[in-house]
Amino acid sequence: MGSRGQKRSEMVDELPADKRACSSLDFRPSSSNSPVQTHTNSTLEAHDHDMDTSSSASGSSRSEDEPEKDSAYGSCDSDDMEQHHSSLHEYHRGRVSSDHGKFKNIISTLSEQTEPSAQLAVLTELCEVLSFCNDGSLPGMTSDLLSPLLVKLAKHESNPDIMLFSIRAITYICDLYPRSAGFLVRHDAVPALCQRLLAIEYQDVAEQCLQALEKISREQPLACLQAGAIMAVLTYIDFFSTSIQRVALSTVVNICKKLPSESSSHFMEAVPILCNLLQYEDRQLVENVVTCLIKIVERVAKSSAMLDELCKHGLVEQVTHLLSSNGPTTLSTLTYNGLIGLLVKLSSGSVVACRTLHELNISSTLRDLLSTSDLSRGVSTSQPIGGHCNQVFEVLKLLNELLPGLAKDQSDQLVLDKESFLANHPEFVQKLGTDVFPSLIQVFNSGASLYVCHGCLSVMYKFVCVSKSDMLVEVLKNSSISSFLAGVFTRKDPHLLMLALQIAEMVLQNFSDNFLNLFIKEGVFFAIDAILTPERSSQLMYPGFSGFQLSLDSSQRSASRESLKCQCCAFPTGQSLTLSEAGNCNVDKDAVYNLAEHIKTKYLAPELYDAEKGLTDILQNLRALSNDLLNTSTDNGDLDLHEDRVNSILYQIMDKLTGKEQVSTFEFIESGIVKSLVNYLSCGQSMMEKGVQSVYGYNAVIEKRFEAFARVWLYASPHLSGDTPLSILIRNLQSALTSLEAFPILLSNGQRLRNSYAKVPNGRSVPYPCLRVRFVRGESETFLKDYSEDFLTVDPFSSLHAIEGYLWPKLSVKSTKQARALSTQPAFQPDASSCPVDMLTDLTETQGEDPNLSQPVPDQAANVNAGESSSSGTQVYAEQEQQFNAETASKQQIQHSVSCSNEAAQKLAFYLEGQYLDHKLNLYQAILHQIIKQNDCSATKLWSQVHTITYRRAVKSEDIMPPACLSSPQDFSNDKVLAYYQHTPFFQDMFSCELVSDLEKSSPTYGILFLLKSLEGMNRFIVHLMSRERICAFAEGKVDNLDSLKIRVHSVAQNEFVSGKLTEKLEQQMRDSLAVSIGGMPSWCGQLMASCPFLFSFESRCKYFKLAAFGQPQSHPHMSYNSGTVRDRQMSLSGLPRKKFLVYRNRILESAAQMMNQHARNKMVLEVEYDEEVGTGLGPTLEFYTLVCQEFQKSVLGMWRDDACSFTLKTNLQSEEMGIHSLYGLFPRPWSSMQDTSCGIQFSDITKKFSLLGQIVAKALQDGRVLDLHFSKAFYKLILGKDLSLYDIPSLDPELGKVLQEFQALVNRKKFLESGCGRSSDFDYGLNFRDTKIEDLCLDFTLPGYPDIILASGPDDTIVNMTNLEDYVSLIVNATVRSGVSRQVEAFKSGFNQVFSIEHLKIFNEEELERILCGEHDSWAINELTDHIKFDHGYTASSPPIVNLLEIIREFDYEKRRAFLQFVTGAPRLPPGGLASLNPKLTIVRKHCSNQVDTDLPSVMTCANYLKLPPYSSKERMKEKLLYAITEGQGSFHLS
């Protein structure tokens, strides 16, 4: 097919529209070693950086055509090697000597020869000799002698060939001997080359001049500048190809990097050309232009006149256009941030730049940047400020410059000019505030770094000072400034407090009438009073000021020489009072106290901030209702006596929260509503330290309370805004959580992964930093020896048990054989330290252990799913994994006895600064926990200081072993089966699950999390709750018609439960590569993900899932966007080796089983190659998974239930080939435990198929493949480990579910009447099923639809009647969703767990799990097709064939769209995210046809999602050919 970058020939276009995949010949890298590769209109060049296709599936680095080498490759005897090296050395020495002689002859001839033909011959020979020389083989004297001769010949205007070869020789000389650039400059080579460029008589000569100047500029940039090289290379740059343009810009970059302070005219005149080049499409070219402009602006930054001159050339306009039209996805992050920094420098010294930016509506661009920025890259104390900082920081600096400083110095003309301009144009200030103010608050509340938070407040303070009164009030109210300031006052940093107080003072000074009541309502005055009297704030639930914490201590200040000493240096407001002469900040607690006292004295009357009188009416009312609910709902859990009273209170609370007067976050928290609602819904259990079993006694009462709560909050009339009361309650809870939660973000502060030696626990090199620890014996400890070493390097990933195993033999006084034996037991092997670097201890410890283990290993700090390996230690980790698996197998057998024996008990207790370290954590996490407790969220000192850990002998076993996990309840006895099936399953783990271990259950944050968890569960199971409520209403005679059991409930959207702040915090933690690699994420991440995953966005949970299940990907951020081969990029994307597997189309399931048997447990990406087909890569692999899914859905396998729809299809199709097409999704066919065979199908075969299906699903998830399966919601619940009940049956069989619920309603009515609560006259009439007696239905005890499954065989179980109807319903439910499918589900899980633990999926709900497995069901975004498709090589979005194609696609029905996707990508479904997430991007190019266009068919390259479409003459002809291609061109892959 030719090499990558060239158009592929249409070799098999005569084939009938077959799909062409990439073979091993596709995408071969160019063989050119030139640093600048030739630019062509390549088919896939634009996708080099994000291609997700694979031409070669081997995990090795050899090419596909290269023969595989055995392990002994390259090995030979040492004598042979020495002889070989000796011969090479002799050859090289002889070659150098020969070249030296040739150079002497060439120099002599060139000096003497004047005949042009002879000169040309010598130059040709010289170039040939130079092209074969090695680096260093050209002597300096030779280059010095050649330089004047070549420069003279380069000026030979009469003979272009002589000029060309002489300049080429100059290029070669500079390449071989860079220092020769000095000789060339001395002999005026640069002016000569510039002259040839400006003359531009010959294209090839000019191109060679550019190559030569690029080499010279590397060593002699100043000489090139003075000779006018910048203008010489830029003047006619449009005449050259893109590759040569890149060379020209590289020359300018080299010069601009060394610009002198004078000679500005040499580079200022090039600015207009550079600004024009910013409009070009070539990314590398634009990035070089940006670099040049940044250097130019930096050089003239101190001259306002020169900055103004730059602005006059259109620099601001071009840069702003580039920022708004191209995001970081187009330009590199460094370049994009550099553009913002360029505007910062322009704005800081030029009023023209500020004016232009305001006129260009820069505020909207900055708003978008703030809303999509990576906050985890916030500047920390160990990162230098200046240069190319992170995007948010640069945006804040630009905003800071767009607003004038607050200095009163009238001599600063620039500040005065800015003030004057904004005073004359208040609309610009209003636009800036309207766009940016809410975004600044969002950034501040998203857990950004201290410097970013300080920058946000600085900009807000400037805005408040500059803005006019009428516009400012509107902006501040829309931004909820009162609530925001109340939250800021809970921070401990004096800089933030000072700025917040200054903002509050300015607002009160100018708009006291507008904001005084709001400050009271939102708790701002209570927060200010708490700064002055912290003891009063302890009586409030709302978090108050709790003391200062200086942002930088001595250890942090010394962490980096370039770090800032104070936040004031980053964002100076112009008030010089804040900075001392030494640059240190003078903001201290006295200044904060004084300002707070001033505000309190001047603006607050004494009664306003009184604890009682200062409460608003709505707060007092809510507090009274909260107390009433608390008192009423704690009366022995008896709801019947107080039902009306409780409902009345709930309605009043709802009315207050949804009333016209909005409830503030402060009022909501202070009212105690959260505590009372939690107590009511849980019967007080959430606040009590009781076991699980005590909760189950309250289960019926709890369900009734949830039903009553749901009736109030879901069935009430919507709010004026259209929101349901439940949505408003959730929104209040989210606001309260944002204000209250203080989960720390612990970043590694610029630490990089580097190799180091860890002496503890087992002395080995690790690919990440080590912790320095000094072990000291505790006072009064006599049993243990004193460890005398200064400090040890400890693997931070090692568990405390592993460290104990290292220390115990050295510390124990009783050095007996038993002690020595114990020190070598597997229980004390460094489990976690033998795990690879990319394993996540914190992520995995809450997500379940290795599926092969029956229970967790107590001393195991990490998940035993140890299959990942870093790029530097694959072989070592593979051996360690085998050893580890062997150890865990032995542990599994002896664990119970070990946990009770003294030998396996913990021997040492470790303490850090007097605090006990939990043995369940690794060392990194244990130390971080202490840092969190000290309210120091900086991890800088964690790596820099020596940690002193005290050890003592462990005495109590309770302190050793982790507390036993609360076991899930066992199956109920037979007499309670029905009651179990009626109850809603989510209550079972509602109170047994610990939310966050570091939170006290009495804390407001815990209550909010518990209530959100309860409401989210109620929202998901609302149909179950309301169905049960309707059945109870029928039983009690409140409704008489069975049709009234139908319900319609509008649940709240799931994204209402997502916490933006917690999501952003988690994102920051996951982006911190070091913390992720060694399991250093705070414990709250894993605990909240396990207990309240709904708090995080779906996208964040997907990232977390991949990290937890598969480890951190081995990415290579240093790789440029266009470097490396396709194989390199594939490895960088997945981090795993690739493996080809041969499959047979006529034996798909057999091939799949063989594939899984060989590779299910291996961490490698599988790619498919079909027998007797040359295609391989992404497309064939996706089609393989699609074919496997189709095979699994065939009815002949007997795996799935049939519904009415599939039964109808079966009558029209051959049963052998018919697939199950269930409208409600696939659900396992029930099997009786007494059955081994049914309809000729062995049950053992069924379990094998489900096990294989589990393997396929897990492997597809691991490799990122899309499956074409439609499981039912109920089956997804079983996969996630949830129990099913009567109310789940309608989701898989609506008719059966409806009848069973009606039967259950009759059963409940019978019980109600028998209890004496109803009238006896209703006994017979009320127990009929739609005017028919149950006996007359002639039902027997067989499973409906499956007569071979006998439900019961007793004498009373022949015909169903009213007496045994309860048993009949319970047995059907059991056979349908419990015991009848449990073995199949367990087989599926068993197969799944062979790839990775299925526990990792539990952070998703059923709908999300389907999106992950099967992609988007039908997400085409018809109106956005042009945004997600690339048109190239003859086509644009407006080309007539493209317009026709898009119209055809829009007209396709669902099945035709699936066929089109299958044809182009290999899979009939789109990945999660739809067409926008397709990678590589769908590309459509013009197919060049040899004969008549209308006779050709479209062809595709599925590995690149690449469609070659002929330019058909009409839309009808295109549709005809396209439909033929997508229907008939399936089933094989060939070259194209």
Side-chain angles (χ1 to χ4, degrees), residues 297-298 300-312 315-316 320 340-363 366 385-386 393-433 435-437 440 454-469 471-472 475 495 498-499 502-503 505-507 509-510 564 566-581 583 585-587:
V297 172
E298 287 177 351
V300 301
K302 295 182 180 179
S303 171
S304 295
M306 298 191 74
L307 289 176
D308 290 343
E309 182 181 349
L310 288 175
C311 296
K312 293 176 182 178
L315 177 57
V316 176
T320 305
I340 306 174
L342 185 148
L343 293 180
V344 172
K345 291 182 175 62
L346 286 174
S347 303
S348 65
S350 171
V351 179
V352 177
C354 289
R355 182 179 67 245
T356 307
L357 285 171
H358 281 294
E359 292 172 348
L360 292 172
N361 192 23
I362 189 64
S363 60
L366 299 182
I385 304 299
F393 197 73
E394 291 295 332
V395 170
L396 292 175
K397 289 200 295 184
L398 179 55
L399 288 169
N400 193 59
E401 296 297 340
L402 289 174
L403 295 169
L406 305 177
K408 302 304 180 181
D409 185 3
Q410 298 298 319
S411 62
D412 192 340
Q413 187 62 40
L414 183 63
V415 174
L416 296 177
D417 291 342
K418 287 184 180 181
E419 288 181 352
S420 175
F421 168 73
L422 292 178
N424 295 329
H425 298 85
E427 68 276 8
F428 290 148
V429 182
Q430 183 178 10
K431 184 69 168 65
L432 187 70
D435 286 340
V436 175
F437 215 86
L440 292 174
H454 184 270
C456 292
L457 290 179
S458 299
V459 174
M460 294 167 69
Y461 180 44
K462 274 192 172 186
F463 175 77
V464 170
C465 293
V466 172
S467 300
K468 300 297 182 182
S469 59
M471 68 182 71
L472 182 59
V475 171
H495 300 86
M498 177 60 76
L499 281 170
Q502 289 173 336
I503 294 173
E505 181 190 23
M506 188 63 62
V507 171
Q509 179 179 325
N510 296 326
L564 285 178
C566 175
Q567 300 161 38
C568 300
C569 301
F571 295 96
T573 59
Q575 294 177 319
S576 58
L577 298 175
T578 58
L579 294 178
S580 66
E581 294 181 358
C585 182
N586 286 332
V587 175

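Just so we're clear, the structure is a prediction, and the values are computed from it rather than from any experiment.
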Checking side chain to side chain contact (heavy atoms under 4.5 Å, CB included) against Leu402, which of Leu343, Val436, Leu357 comes through?
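Running side chain to side chain contact (heavy atoms under 4.5 Å, CB included) over Leu343, Val436, Leu357 with Leu402 returns exactly one hit, Leu357.
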Indicate yes or no for a side-chain donor-acceptor contact from [X] to the backbone of [Y] under 3.5 Å, with no hydrogens or angles considered.
X      : Y      : answer
Ser347 : Cys354 : no
Ser348 : Lys345 : yes
Asn424 : Ser420 : yes
Lys431 : Asn361 : no

Approximate separation, where rounding is to 0.5 Å, of [X] [atom1] and [Y] [atom2]:
X      : Y      : atom1 : atom2 : answer
Tyr461 : Glu505 : OH    : CD    : 7.0 Å
Met306 : Ser350 : CE    : OG    : 12.5 Å
Leu416 : Lys418 : CG    : NZ    : 11.5 Å
Ser303 : Glu309 : OG    : CD    : 9.0 Å

Are the side chains of [X] and [Y] in touch, meaning some heavy atoms are under 4.5 Å apart?
X      : Y      : answer
Thr320 : Ile362 : yes
Leu422 : Pro404 : yes
His454 : Leu457 : no
Lys397 : Glu401 : no
Val351 : Asp308 : no
Leu315 : Leu342 : yes
Leu440 : Leu399 : yes
Glu419 : Val415 : yes

Can you give me the closest heavy-atom contact between [X] and [Y], atom names plus distance?
X      : Y      : answer
Ala301 : Leu307 : O-CD1, 3.5 Å
Phe463 : Val429 : CE1-O, 3.2 Å
Asp435 : Ser363 : OD2-OG, 2.7 Å
Met460 : Ile503 : CB-CD1, 4.1 Å
Val475 : Gly433 : CG1-O, 3.8 Å

